[in-house]
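What follows is a short report on a single structure.
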2 protein chains.
Amino acid sequence: MPIVKTTYKDQVVDHVYQLLLQGELGPGDQLKESLLAKQMGISRAPIREAMKELIMNGLVDYRPQVGNFIPVLSPKQIIDSYTTRGVLEGYAIMATCEQFSAEEVDKLENLTAQMGSYAEKKNHKMVVETGGEFHDLLISKNDNVQLLEYTDRLSLKLHILFFKYWGKLYSPAEIGRRHREIVDSIKSGDRNLIEKVVRQHYHETGSKIATLEI
Amino acid sequence: MPIVKTTYKDQVVDHVYQLLLQGELGPGDQLKESLLAKQMGISRAPIREAMKELIMNGLVDYRPQVGNFIPVLSPKQIIDSYTTRGVLEGYAIMATCEQFSAEEVDKLENLTAQMGSYAEKKNHKMVVETGGEFHDLLISKNDNVQLLEYTDRLSLKLHILFFKYWGKLYSPAEIGRRHREIVDSIKSGDRNLIEKVVRQHYHETGSKIATLEI
DNA sequence: ATGCTGTTCAATGTCGACAATCGACGCGGA
DNA sequence: TCCGCGTCGATTGTCGACATTGAACAGCAT
């Protein structure tokens, strides 16, 4: 039984995540401290604490003396965010690519196959879950805390803001091709290629989402 | 006359920056809200707001229910931070390298010469200032807001935590060589080279500082 | 001497109220 | 009609006080 010491601030953060994931909060919406406080039966103090954390993670824009808003990202900002993610994760994976054992490469290939299978069945939930496992294994070798902090923040932000597109972005064939490409680059041992492939993957994902968001 | 709307929170942030730059605050020190509030003649509310901003910029570590502390970075963490900076800025510069005009390249070379000159005279202050100008010009072409946000944060953090070493890191000859190397890579137009040179520069800087910090 | 336990105190977590400020609205004049 | 200005309401900024929690210390048992 995990004893979870949960402070009000953390509850507020989770609450806002839920609101975003359930679509009750969308781009441009304002998060009013008093309203949130009343809804949750607490004071504004922990709300403000939570806002700072959300701002830190890029899920809330802060305008002094005005309020906190769910960010409205322009197409360019979407692409830039994914580009940045590609830069960070591309490096993280490139720098550790020779640490993958044969078993782990097998695992990556299995996950790719599973993802294609789920995609065929239009089981988007499992596609996303399997994709997450694939992704986590890829960057799991890196231990640069500073870099991981930034990638985690960015992943969380993009995941929550654009999760609704995850299922519709790529055809099953494309999903397979893209992930195979990454695995193949790792098997090749060509570090430059690995970094390039990862960067391109995220850049294209960003571009696709940007077009869908207009 | 610039009308600067300065809130208490911003004053607190600046105050802590000053304490850090003046050496009155160092790694491991705790920032006690009540104490800061009393010193500045304000309540704890804006102090807490400021803490969040400092945490966001990596200049303060937050331990729930315990307090806020100036981070103590291990040698590896120092190297990792500089490595990450190299990854981000290396990409930023590489992606925009063909946008530099001949005049701007000249400017970079002039700044390099000036830096060497100041270094010879042991004018560390001007070395740092000129180096900052060099650096700012290099990344000025990039307009990826997400990436710039991360690089700015990281630059600020590393600048404030390690500013004391800036003058003593490299010999005048090394300073010249390093910056010429970067300018040359830009003149060559070899994107891979540019990124590699920038990454290596920051990695080596991090390594040097890490050894000095022990 | 060592390790556990309860107490104490200082620091953070939370609260409700008041002050300062921004944005919207409506009025009046060109 | 359009633009500038002042008022007003709603929201954030700040405050002092109280509640809660973590860490250090003393005392006891082993």
Side-chain angles (χ1 to χ4, degrees), chain A residues 1-20 24-72 74, chain B residues 1-20 24-72 149:
Chain A
M1 173 172 103
I3 310 276
V4 193
K5 263 290 169 205
T6 162
T7 175
Y8 282 153
K9 179 199 79 174
D10 295 324
Q11 294 179 29
V12 175
V13 171
D14 285 343
H15 181 63
V16 173
Y17 284 167
Q18 292 309 316
L19 292 178
L20 282 165
E24 296 178 36
L25 270 178
D29 288 349
Q30 183 173 7
L31 290 103
K32 300 175 185 176
E33 297 173 358
S34 314
L35 184 60
L36 278 172
K38 186 182 291 185
Q39 286 176 349
M40 301 190 65
I42 58 180
S43 81
R44 280 171 54 216
I47 305 281
R48 290 174 69 81
E49 302 289 315
M51 288 301 117
K52 300 301 175 194
E53 183 164 333
L54 292 165
I55 292 165
M56 194 161 82
N57 287 336
L59 289 163
V60 163
D61 270 356
Y62 166 66
R63 289 164 51 191
Q65 306 282 12
V66 179
N68 300 288
F69 300 83
I70 306 301
V72 182
S74 69
Chain B
M1 172 175 99
I3 311 275
V4 192
K5 261 291 165 207
T6 160
T7 174
Y8 282 153
K9 179 199 78 174
D10 295 324
Q11 294 179 29
V12 174
V13 171
D14 285 344
H15 181 64
V16 173
Y17 284 168
Q18 292 309 316
L19 291 178
L20 282 165
E24 297 179 35
L25 270 177
D29 288 349
Q30 183 172 8
L31 291 101
K32 300 176 186 177
E33 298 174 357
S34 314
L35 184 60
L36 277 173
K38 186 184 292 184
Q39 285 177 349
M40 302 191 63
I42 59 179
S43 81
R44 280 173 52 215
I47 305 282
R48 291 175 67 82
E49 302 288 316
M51 288 302 117
K52 299 304 177 207
E53 184 164 333
L54 291 166
I55 291 166
M56 193 160 83
N57 287 335
L59 289 163
V60 164
D61 271 356
Y62 166 67
R63 288 164 53 191
Q65 306 282 11
V66 179
N68 301 286
F69 300 82
I70 305 301
V72 182
E149 182 187 315

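As the structure is a computational prediction, the values presented were derived from the model and not from experiment. Proteins get letters first, then strands, A, B, ... in listed order; numbering begins at 1 in each.
Taking each heavy atom of A:L25 and A:L20 in turn, the nearest pair found is O-CD2, 3.7 Å.
One can place CG of B:D61 at 14 Å from P of C:dT12, the figure rounded to the nearest angstrom. A straight line from NZ of A:K38 to P of C:dA17 spans 13 Å, rounded to a whole angstrom. The CZ-P distance, from A:F69 to C:dC22, rounds to 13 Å in whole Å.
The shortest distance between side-chain heavy atoms of B:H15 and B:Q39 falls below 4.5 Å. Looking at heavy atoms from C-beta onward, B:L19 lies out of side-chain contact with B:D29 at the 4.5 angstrom threshold.
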Taking only N/O atoms, report every protein-nucleotides 5-7 of chain C pair under 3.5 Å with atom names and distance.
none

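By the side chain to side chain contact (heavy atoms under 4.5 Å, CB included) test, A:V66 is found to be paired with A:R63, A:F69, residues two or more places apart in sequence or in another chain being considered. For B:Q30, there are no side chain to side chain donor-acceptor pair (under 3.5 Å) partners at least two apart in sequence or on another chain. Annotation: side chain to side chain contact (heavy atoms under 4.5 Å, CB included) contacts of A:A37 (sequence neighbours excluded): A:R44, A:I47.
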Pairs under 3.5 angstrom only: tabulate donor-acceptor contacts from the side chains of residues 50-62 of chain B to other protein residues two or more places apart or in another chain.
{"from": "B:K52", "atom 1": "NZ", "to": "A:E49", "atom 2": "OE1", "distance (Å)": "2.9"}
{"from": "B:E53", "atom 1": "OE1", "to": "B:K9", "atom 2": "NZ", "distance (Å)": "3.2"}
{"from": "B:N57", "atom 1": "ND2", "to": "B:Y17", "atom 2": "OH", "distance (Å)": "3.4"}

Exercise for the section: Sugar-phosphate atoms are those with a prime plus P, OP1 and OP2; base atoms are the rest. Using that split, label each nucleotide of nucleotides 11-18 of chain D B, S or - for protein heavy atoms under 4.0 Å, 5' to 3'. Expected result: SBBBBSB-

